[in-house]
Each structure stands twice: as structure tokens, then as C-alpha cells.
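What follows is a short report on a single structure.
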Amino acid sequence: MTRPQRGFYRRKNLRDVYGLPVLQDNITWIWVVGKEAVVIDPAIAAPVKTWLHSLDLNLIAVLQTHHHSDHIGGTKDLLRQWPKADVIAAIKDQARIPFQTISVAEGDKINLLNSTLEVLEVPGHTLGHIAFFIPKNPDSGEESTLFCGDTLFGAGCGRLFEGSPEEMYLSLKRIADLPLETRIYCAHEYTEANLLWAMGIKPTDIAIRERLKEVKKVRHRGGLSLPSTIKIELSTNLFLKAKTAEELAILRKNKDNWRG
């Protein structure tokens, strides 16, 4: 059995987020409170089902950030096992995620696992891409959380398959304005490669160099480089540092052609 790696330590009965590496570099995040679970962007179902059954957890919802097959590929199979689970996805993507049961748009709020999820529309990677933001809990002290799919990566951002550089620029700026300690749960393990690319652009940047060193250590031990935080990304992510959409477009083209 593959056990998801814990995103960060949480006290008993508070929010836990676990990362399950699947396929080549996807990460399916599993958010657990008590005996209930929410799965984010399940690429495939089998390892998720195995893990949920091993802990006798009940799946109550699936969060879908966008329609790509490596994010929704396991959802229908999970619903066969847990038919009462909701699928929360963008109303703009109803045609491409037709099995959604709760359709959401910018500004919508969903109560789930004792938390309130805020829906952010963050187009760029796809036109209907959304992210799910959970504000800081002042009672428990838990920091805010963002499930951002393929909009933001560790030291990177998603390819512009449908959106424009301007849309991605605005989406990233919006994410950058979230609280600095917000934990960032991206859907792919790209951090090391993104930092290697960034070192080629900024070879003397100390923050990027130090982060790359730490990420290499974690990955060598078999761990995940995620979650990140807004604070870490602001200091080491060249896409978040871009001053204009034009600068972001140049960086994105450079990264698309990089063969590290």
C-alpha cells in the first residue's frame, strides 16, 4: 500500500492534508478531518481508494480545479465507491466536467469539513481553472490553505494551454496577495526542475540556490517538496516576480523551451 506523504503536521482532530504521488509527477491531495475525507484532483482512483479504505475514511467530496484528464481521471471510479460524494467544479467547465454536482464560480463559498472554502477563478492554464482557498482559522491557529491545481507550482506556473499571459499574470498576482503563510498545494511535483531552470536565469540568486539545495535533500529522501507558502514563492518564483504580463510571457516561453 502507498501511504500519502503528510503535507504538514496537524494536531489530532484538526485539518490534515496528505499528498499521494501518482502517475509520473501528479500529486493527489487528500484532506482529512476525523473520519471524513475530501480528495483534490484525483488523476487515478485505485491508490486513493486503497488508502481511504485502509483508514476507514468516508469520501464526502472531490474538488476539481480544472478539466484535464490527469486531474479528473479517477473521479468517476471514486463515485462508484462513494456515490453520495459531491464533485465541486467550475460552472464554466460543466461541459468538460459533466459529473460535477456542485457548480461554483468566483466568490462562491462552500462549507466543508468544518471550514469555508472560497472559490477563486484563476484562468491561464485553462480558461475555467479555479482554486480553493481556506482562510486562516483564528480559533485553532491553522494557517490558510490554497489548492491551486496547475496555476501555480513550486517555483513555477502552469503552461498557457488556453489562457493568455495577461490572464495568468493577473491570476498569479491574485494568489500572491493571499496571506504570506498560506500553504500552497500544487498538483504536480515540479519544484526541483523549476528551480534548476530559475538558476539558469538568475545564477546568483541566493534564495533560489538555497531552496534548490533543500528541495534536492527532500526529494533524495523520497519526500515531497510541497506544500510551499506564498512567502517562499514570492522569494523564489520568477513568475510571481514578473513585473508585467509581457515579462511573464517571455519567462513562460523560455521555460517551455528549456530542456534541463
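Every heavy atom of this structure was used, including side-chain atoms; hydrogens, water molecules and symmetry mates were not.
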(Q) Can you tell whether the side chains of E162 and R96 come within less than 4.0 Å, N to carboxylate O? (A) yes
Q. If you measure from CD1 on I201 to NZ on K255, what distance do you get to the nearest 0.5 Å?
A. 10.5 Å
(Q) Do I175 and I130 sit in one hydrophobic cluster, given that two such residues count as connected whenever their side-chain heavy atoms are within less than 4.5 Å of each other, even indirectly? (A) no
(Q) A side-chain contact here means heavy atoms from C-beta on lying under 4.5 Å apart; do W31 and I134 qualify? (A) yes
**Q.** Backbone of S164 reached by a side-chain donor or acceptor of E167 within 3.5 Å
**A.** yes
Q) What do the steps show when you test L196 against L212 for side-chain contact (heavy atoms from CB on, under 4.5 Å), and what is the final call? A) CA-CA 7 Å; L196 286 169; L212 177 58; 3.7 Å; yes
**Q.** Close side-chain approach of W197 and L238, heavy atoms under 4.5 Å
**A.** yes
Q.
Is there a path of hydrophobic side-chain contacts, each under 4.5 Å between heavy atoms, that joins L248 and L195?
A. yes
**Q.** Residues D256 and R252 bridged, charged N to O under 4.0 Å
**A.** yes
**Q.** Neighbour count above 12 (heavy atom, 6.0 Å) for K173 NZ
**A.** yes
Q. So V38 and W29, side-chain contact (heavy atoms from CB on, under 4.5 Å) or not? Walk me through it.
A. CA-CA 8 Å; V38 172; W29 296 105; over 6 Å; no
Q. Any side-chain donor-acceptor pair under 3.5 Å between E189 and S225?
A. yes
Q: State which residues pass salt bridge (charged side-chain N to carboxylate O under 4.0 Å, His left out) with K217; sequence neighbours excluded, sorted by chain then number.
A: E214
Q | Nearest atoms (heavy-atom pairs only) where A85 meets L59 | A | CB-O, 3.6 Å
Q: Answer yes or no: is there a side-chain heavy-atom contact under 4.5 Å between T65 and C148?
A: no
Q. Under 3.5 Å, is there a donor-acceptor pair between the side chain of R183 and the main chain of S228?
A. no
Q) Are the side chains of L117 and F133 in touch, meaning some heavy atoms are under 4.5 Å apart? A) no
**Q.** L226 reachable from F239 in the ILVMFWY side-chain graph, under 4.5 Å edges
**A.** no
Q. Centroid-to-centroid, Y18 to W51, below 6.0 Å?
A. yes
Q: Rounded to the nearest 0.5 Å, what's the gap from CZ on F132 to CD on E118? Could you check?
A: 12.5 Å
Q: List the steps and the verdict of side-chain contact (heavy atoms from CB on, under 4.5 Å) for H67 and T126.
A: CA-CA 8 Å; H67 73 279; T126 67; 3.8 Å; yes
Q) When rounded to the nearest 0.5 angstrom, what is the spacing between NZ in K216 and CD in E192? A) 6.0 Å
Q.
Whether the side chain of D205 engages the backbone of T236 through a donor-acceptor N/O pair (distance < 3.5 Å, no angle test) should be reported.
A. no
Q) Taking the side chain as C-beta and beyond, is there a heavy-atom pair between V17 and F147 under 4.5 Å? A) yes
Q. So, H129 versus T151: side-chain donor-acceptor pair below 3.5 Å or not?
A. yes
Q | Q100 (side chain) donor-acceptor with I97 (main chain) under 3.5 angstrom | A | yes
**Q.** Validation row: I102, V87 side chains within 4.5 angstrom (heavy atoms)
**A.** no
Q) How long is the gap from CG on N237 to CG on N194, to the nearest 0.5 Å? A) 7.5 Å
**Q.** Distance-minimising heavy-atom pair for G163 and L127
**A.** CA-CD2, 4.0 Å
Q.
Would you say I184 ends up clustered with I232 if hydrophobic residues are merged whenever their side chains have heavy atoms under 4.5 Å apart, either directly or through other cluster members?
A. no
Q: State plainly whether the residues E106 and R174 are in salt-bridge range, i.e. N to O under 4.0 Å.
A: yes
Q.
Quick check for you: to the nearest 0.5 Å, what is the distance between K136 atom NZ and E142 atom CD?
A. 10.5 Å
Q) If two hydrophobic side chains count as joined below 4.5 Å and joins carry through other members, does I91 share a cluster with F99? A) no
**Q.** Nearest non-hydrogen partners of D70 and N26, listed with the distance
**A.** O-ND2, 2.9 Å
Q) Is D77 salt-bridged to R80, cutoff N-O under 4.0 Å? A) yes
(Q) In terms of relative ring orientation, are H68 and F161 parallel, tilted or perpendicular, with 30° and 60° separating the classes? (A) perpendicular
Q) About how many Å separate CG of L146 and SG of C186, when rounded to the nearest 0.5 Å? A) 8.5 Å
Q. How close do P47 and V22 get, heavy atom to heavy atom, and via which atoms?
A. CG-CG1, 3.9 Å
(Q) Any side-chain to backbone donor/acceptor pair from E181 onto S144? Under 3.5 Å, distance only. (A) no
Q: Check whether the side chains of S103 and Q94 place a donor and an acceptor atom closer than 3.5 Å, and report yes or no.
A: yes
Q: Supply the members, apart from I250, of the Ile/Leu/Val/Met/Phe/Trp/Tyr cluster built from side-chain contacts under 4.5 Å; use none for a lone residue.
A: none
Q.
Hydrogens and angles aside, do T182 and E143 bring a side-chain donor and acceptor to less than 3.5 Å of each other?
A. no
Q | Verdict with reasoning, D150 to H188, per side-chain contact (heavy atoms from CB on, under 4.5 Å) | A | CA-CA 7 Å; D150 286 2; H188 289 271; 3.0 Å; yes
Q) Mind checking whether L224 and P21 have side chains closer than 4.5 Å, heavy atoms only? A) yes
Q) What's the shortest heavy-atom distance between L180 and T229, and which atoms? A) O-CB, 3.8 Å
(Q) Using the ring centroid of each side chain, check whether W258 and Y190 are separated by less than 6.0 Å. (A) no
Q) Should E233 and R211 count as an ion pair when the cut-off is N to O under 4.0 Å? A) yes
Q) If we only count heavy atoms from C-beta on, is the L152 to L240 side-chain gap below 4.5 Å? A) yes
Q) Are the charged groups of E247 and K241 less than 4.0 angstrom apart, N to O? A) no
Q: Give the minimum heavy-atom separation between A242 and L251, together with the two atoms involved.
A: CB-CD1, 4.3 Å
Q. Take atom NZ in K35; do more than 12 heavy atoms of anything else shown fall under 6.0 Å from it?
A. yes
Q.
Using the rule given for salt bridge (Lys or Arg N to Asp or Glu O under 4.0 Å), can you reason through K92 versus E121, listing the C-alpha separation, both sets of side-chain angles and the distance that settles it, and then say yes or no?
A. CA-CA 10 Å; K92 292 180 179 178; E121 292 187 357; 3.0 Å; yes
